[in-house]
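This report refers to the structure that appears directly beneath it.
Read the numbers this way: they start at 1 and go in the same order the structure lists the ligands and their atoms.
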Amino acid sequence: MAMSFPGHRIRRLRKNEGIRRMVRETAVTVDDLIYPLFVRNGKNTEIEITSMPGNYQRSVDLLLKECEEVARLGIPAVILFGIPEVKDEFGSEAYSEQGVVQKALRALKKEIPELILIADVCLCEYTSHGHCGIIKNNDVDNDLTIEVLAKAALSCVQAGADIVAPSDMMDGRVRAIREMLDSGGFQDVAIMAYSAKYASSFYGPFRVAAESAPQFGDRKSYQMDPPNTREALREIQLDIQEGADIVMVKPALAYLDIICRARSMFDVPIAAYNVSGEFAMIKAASKMGWLDETKAMYEVLISIKRAGADLILTYFAKDMARSLGGKI
Ligand code: PBG
């Protein structure tokens, strides 16, 4: 029969750090981290992103330097976002061999072959209207868009991407990309799908960083409605059926319940995106002296792991890696 107080005293195992370490149920390790980076044209250029302190739009040469440090810190992977020179209605730089991300991928694969390169595949950074696809009749046309996304994915893989990560939320894009990669001889390249991506206000700082805010309307006709859970599970299930190797929930913090539900239902690795707004909130509050940045970072990342994520995309990746190395 279960004993209660005073037979049980839960505090015994909280007595000191040594005991707490022994009974700790969850850990974040450097292997879990994926670091998002922004690349732009030019040389020796780095422009700080005001909405995301410590993050920069970098030219390829400086991106290389940054990635050397990322690799030195033991972070296994980066995900790249491009800021193109010119944007057009069709987002053509997304699939250009001379696109800025393609250039970065070639350079990185050559110089730091062990670093896993993930290419975010979407059109919003590349379209003049800022939407994640091709516009027809004032809305994003699904079927036209997935063809372009498949071309973009293939060109990133040809340039050296190890994993492609479609973040557009079109229906059927995972299958379209899988087929395109397979027919191009890249059947071994994995897809990490942004499967349950919500129409969230927490992307605000990223849109400043990537210069990708929609010029009209919003993304609600393709990104998910925040109140929905079952729909997220359907999205994830369909992406797995279409060939996703890793599925993602995004944002992470306001959607920990979705991560948890997905973890209990699916056996594929789950990634969670600790997005720009979640990062900016901590940065801003700690700048005001209202909370301890390192402790808040740790608590947030551990909560994402505890909810069930295997991988965390986070702008804190370098800080966390340093902190895990015992330097904080
Ligand atoms: C592009 C994309 C977005 C993010 C990642 N890929 C923005 C959006 O959908 O507007 C957001 C990342 C972040 O906020 O950190 N589709």
Side-chain angles (χ1 to χ4, degrees), residues 33-39 49-57 77-84 87 91 93-94 101 118-127 129-135 140 142 145-146 148-149 152-153 156 161 163-170 173-174 177 191-226 235 246-255 271-284 297 300-301 304 309 311-317:
L33 304 173
I34 299 172
Y35 192 42
L37 287 166
F38 301 89
V39 58
I49 298 159
T50 47
S51 55
M52 300 167 67
N55 290 267
Y56 299 81
Q57 296 181 350
V78 294
I79 181 164
L80 296 186
F81 297 94
I83 295 98
K87 303 185 185 221
E93 196 175 315
V101 165
I118 306 175
D120 181 87
V121 174
C122 195
L123 300 186
C124 59
E125 296 116 86
Y126 303 96
T127 51
H129 44 71
H131 277 287
C132 301
I134 309 295
I135 302 289
V140 174
N142 194 86
T145 300
I146 63 177
V148 181
L149 291 167
C156 288
I163 298 176
V164 289
S167 63
D168 52 285
M169 288 302 279
M170 299 301 125
R173 90 281 207 210
V174 172
I177 290 172
I191 298 175
M192 176 170 79
Y194 289 69
S195 300
K197 176 175 177 182
Y198 286 86
S200 171
S201 58
F202 290 100
Y203 307 148
F206 174 95
R207 290 181 188 170
V208 175
E211 300 169 7
S212 65
Q215 300 302 301
F216 66 90
D218 52 38
R219 303 208 202 289
K220 290 182 186 165
S221 80
Y222 41 103
Q223 297 182 348
M224 280 191 54
D225 201 18
E235 284 280 9
I246 300 171
V247 294
M248 194 198 297
V249 175
K250 177 183 173 189
L253 292 185
Y255 301 89
Y273 203 139
N274 176 217
V275 299
S276 57
E278 300 171 338
F279 172 80
M281 284 195 299
I282 292 181
K283 282 284 175 185
M297 165 186 79
V300 155
L301 296 179
I304 299 169
L311 297 165
I312 308 172
L313 296 90
T314 179
Y315 304 97
F316 285 119

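- Geometrically, ligand 1 and E125 share no nitrogen or oxygen pair separated by less than 3.5 Å.
- Taking every heavy atom of Y273 and a limit of under 4.0 angstrom, the matching atoms of ligand 1 come to 12 (C), 15 (O).
- A donor-acceptor distance shorter than 3.5 angstrom exists from the side chain of K197 to the backbone of S167, with no hydrogens or angles considered.
- In this structure, Y222 contributes its side chain and N142 its backbone to no donor-acceptor pair below 3.5 Å.
- Near K250, meaning under 4.0 Å from one of its heavy atoms, ligand 1 places the atoms 2 (C), 3 (C), 4 (C), 5 (C), 6 (N), 11 (C), 12 (C).
- Within ligand 1, counting atoms from 1 as listed, the ones closer than 4.0 Å to a heavy atom of R219 are 8 (C), 9 (O), 10 (O).
- Close approach to Y315 involves these atoms of ligand 1, each under 4.0 Å from a residue heavy atom: 12 (C), 13 (C), 15 (O).
- The aromatic rings of F206 and F81 sit perpendicular, their planes meeting at an angle over 60°, well past the 30° parallel limit.
- Separating the NZ atom in K87 from the NE2 atom in H129 is a distance of 10.5 Å, to the nearest 0.5 Å.
- Residue-ligand proximity, R207 to ligand 1, at heavy-atom distances under 4.0 Å covers atoms 8 (C), 9 (O), 10 (O).
- Distances from ligand 1 to the non-hydrogen atoms of E278 include no value under 4.0 Å.
- Closest heavy-atom contact between E278 and A252: OE2-N, 3.3 Å.
- The shortest heavy-atom distance from K197 to ligand 1 is under 4.0 Å.
- Close contacts of ligand 1 with C124, meaning ligand atoms under 4.0 Å from a residue heavy atom, involve 1 (C), 16 (N).
- Inter-residue side-chain proximity for T145 and C132 is flagged as unmet; no heavy-atom pair is nearer than 4.5 Å.
- Taking all atoms of both residues into account, the shortest heavy-atom contact from K283 to F316 is CE-CE2, 4.4 Å.
- The protein atom (non-hydrogen) at minimum distance from atom 14 (O) of ligand 1 is S276 OG, 2.7 Å.
- The proximity of D168 to ligand 1, defined as any non-hydrogen pair under 4.0 Å, does not occur for either the backbone or the side chain.
- Of all the heavy atoms of S167, the ones lying under 4.0 Å from any atom of ligand 1 are found in both the backbone and the side chain.
- The two residues P205 and A280 have their closest heavy-atom pair at CG-CB, 3.9 Å.
- Near D120, meaning under 4.0 Å from one of its heavy atoms, ligand 1 places the atoms 6 (N).
- Ligand 1 is never approached by F279 to a heavy-atom distance shorter than 4.0 Å.
- The nearest pair of heavy atoms linking G82 to P84 is O-CD, 3.6 Å.
- Checking side-chain atoms of Q215 against main-chain N and O of A213 turns up a donor-acceptor pair under 3.5 Å.
- Within ligand 1, counting atoms from 1 as listed, the ones closer than 4.0 Å to a heavy atom of Y203 are 8 (C), 9 (O), 10 (O), 11 (C), 14 (O).
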